[in-house]
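Data first, discussion second: the structure below is written as structure tokens.
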Amino acid sequence: MAEEGQGSYEKVQEELRQIDIYRDTPIRFLGYSNEVGEAFRSIVPVSVVRATYVAAFAYVCADALDKSRKAHKKEWPTCNDRSKAVAVAAGDTFLWQTLASVVIPGFTINRLCHFTAVLLNKTTRLPAPVRRWSTTLIGLGAIPLIVRPIDAAVEMGMDGWVRPLYGATAH
């Protein structure tokens, strides 16, 4: 009986030691590549901005694949339970990452840079290159400030509205 408890304790400790490379390492920054692209939109061709979205979505897909693979490796009572768990893990991760790493922050930086450019164009006589670089620097500076609030808001939204639809508990 005591050995059984010790085994489960060790299993929990092992799970806690595992690092999620998509959320706990610098690979996480790939999810923010589109925000960097949006910040540079006034300076680089739009094809470069689009390429940053490709990189961000590749990151999203890789994380979803990783989470679904981990769900598949676990033991499940039935194949149907395994299939459901894999689908939920992949779908939940894909949706969370798409919202928290690509759509909401990309839109936020895009609009911040757009309105900054409009404001600078209407209120200053700075040369165009200075206005463009100022817009870019403001966009880049905002990225670290928006990450945690957006992540938290997406987590709350998923827990409150989306995850109950497929019977998942808080993430």
Side-chain angles (χ1 to χ4, degrees), residues 18-71 85-124 126-171:
Q18 290 181 357
I19 294 175
D20 182 345
I21 65 166
Y22 294 99
R23 297 191 187 180
D24 302 327
T25 70
I27 290 174
R28 174 76 169 113
F29 295 123
L30 286 174
Y32 305 129
S33 60
N34 64 304
E35 287 93 304
V36 173
E38 288 295 347
F40 277 93
R41 184 180 282 273
S42 65
I43 296 173
V44 300
V46 75
S47 60
V48 173
V49 177
R50 289 181 182 142
T52 65
Y53 276 87
V54 171
F57 271 114
Y59 162 81
V60 168
C61 291
D63 192 20
L65 178 64
D66 178 61
K67 300 305 179 289
S68 64
R69 212 178 309 159
K70 287 177 179 175
V86 168
V88 166
D92 186 83
T93 302
F94 185 83
L95 181 58
W96 191 93
Q97 287 287 12
T98 297
L99 292 171
S101 297
V102 181
V103 174
I104 297 171
F107 177 79
T108 302
I109 297 300
N110 176 285
R111 294 293 80 198
L112 174 66
C113 289
H114 171 77
F115 291 123
T116 298
V118 168
L119 184 67
L120 289 174
N121 288 337
K122 288 186 177 187
T123 62
T124 69
L126 294 170
V130 172
R131 290 191 312 262
R132 286 193 298 269
W133 276 102
S134 297
T135 298
T136 296
L137 292 174
I138 288 170
L140 289 173
I143 293 171
L145 302 175
I146 68 169
V147 171
R148 288 184 191 255
I150 290 173
D151 285 358
V154 170
E155 193 69 32
M156 288 175 16
M158 294 276 295
D159 285 346
W161 299 323
V162 178
R163 290 181 178 135
L165 295 175
Y166 50 84
T169 58
H171 197 247

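As a basis for the values below, the full set of heavy atoms in this structure was taken, side chains included, without hydrogen atoms, waters or symmetry mates. Predicted, not measured: the structure shown is a model, and the values here were computed from it. All residue numbers in this chain count up from 1 along the given sequence.
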Exercise. So do Phe40 and Leu140 actually touch side chain to side chain, heavy atoms under 4.5 Å?
Worked result: yes
Problem set entry | Gap between atom CG of Leu112 and atom CD of Glu35 - 0.5 Å precision | 12.0 Å
Exercise. What is the distance from atom CD1 of Ile27 to atom OH of Tyr59, rounded to the nearest 0.5 Å?
Worked result: 8.5 Å
For this session: Supply the atom-to-atom distance Ser101 OG to Phe57 CZ, rounded to the nearest 0.5 angstrom.
Result: 10.0 Å
Exercise. Between Ile146 and Pro149, which heavy-atom pair has the shortest distance, and what is it?
Worked result: O-CD, 3.4 Å
Problem set entry | Asp92 bridged to Lys67 by N-O distance under 4.0 Å | no
Exercise. If you measure from CG on Asn110 to CZ on Phe115, what distance do you get to the nearest 0.5 Å?
Worked result: 9.0 Å
Exercise. Does a side chain donor of either Gln97 or Thr93 reach within less than 3.5 Å of an acceptor in the other side chain?
Worked result: no
Exercise. Can you list every salt bridge (Lys or Arg N to Asp or Glu O under 4.0 Å) pair that touches residues 113-123, not counting sequence neighbours?
Worked result: none
Exercise. Would you say the side chain of Ser134 lies within less than 4.5 Å of the side chain of Leu137, judging by non-hydrogen atoms?
Worked result: no
Problem set entry | Contacts of type side chain to side chain contact (heavy atoms under 4.5 Å, CB included), residue Ile104, not counting sequence neighbours | Leu99, Thr108, Ile150, Val154
Seminar exercise, completed: Sorted by chain and number, sequence neighbours left out, side chain to side chain contact (heavy atoms under 4.5 Å, CB included) with Ser42 holds for Arg132, Thr135, Thr136
For this session: Kindly give the heavy-atom pair with the smallest separation between Gly106 and Tyr53, and that separation in Å.
Result: CA-OH, 3.8 Å
Problem set entry | Rounded distance (nearest 0.5 Å) linking atom CG of Asn34 with atom CZ of Arg41 | 10.0 Å
Problem set entry | Tyr166 six-ring centre to Arg163 NZ/CZ under 6.0 Å and within 45° of normal | no
Problem set entry | Candidate list Thr116, Leu119, Leu120, test side chain to side chain contact (heavy atoms under 4.5 Å, CB included), partner Arg131, passing option | Leu120
For this session: Output yes when a side-chain donor or acceptor of Asp24 lies under 3.5 Å from a complementary backbone atom of Asp20, and no otherwise.
Result: yes
Problem set entry | Nearest atoms (heavy-atom pairs only) where Ala71 meets Ala85 | CB-O, 3.9 Å
Seminar exercise, completed: Nearest heavy-atom contact between Gly139 and Ala39 is C-CB, 3.9 Å
Exercise. Donor-acceptor pair, Ser33 side chain versus Thr52 backbone, under 3.5 Å?
Worked result: yes
For this session: With sequence neighbours excluded, tell me which residues meet side chain to side chain contact (heavy atoms under 4.5 Å, CB included) with Val48.
Result: Val44, Pro45
Seminar exercise, completed: salt bridge (charged side-chain N to carboxylate O under 4.0 Å, His left out) filter on Arg50, not counting sequence neighbours, yields none
For this session: Apply side chain to side chain contact (heavy atoms under 4.5 Å, CB included) to Asp151 and list each qualifying residue two or more places apart in sequence or on a separate chain.
Result: Arg28, Tyr32, Trp96, Ala100, Val147
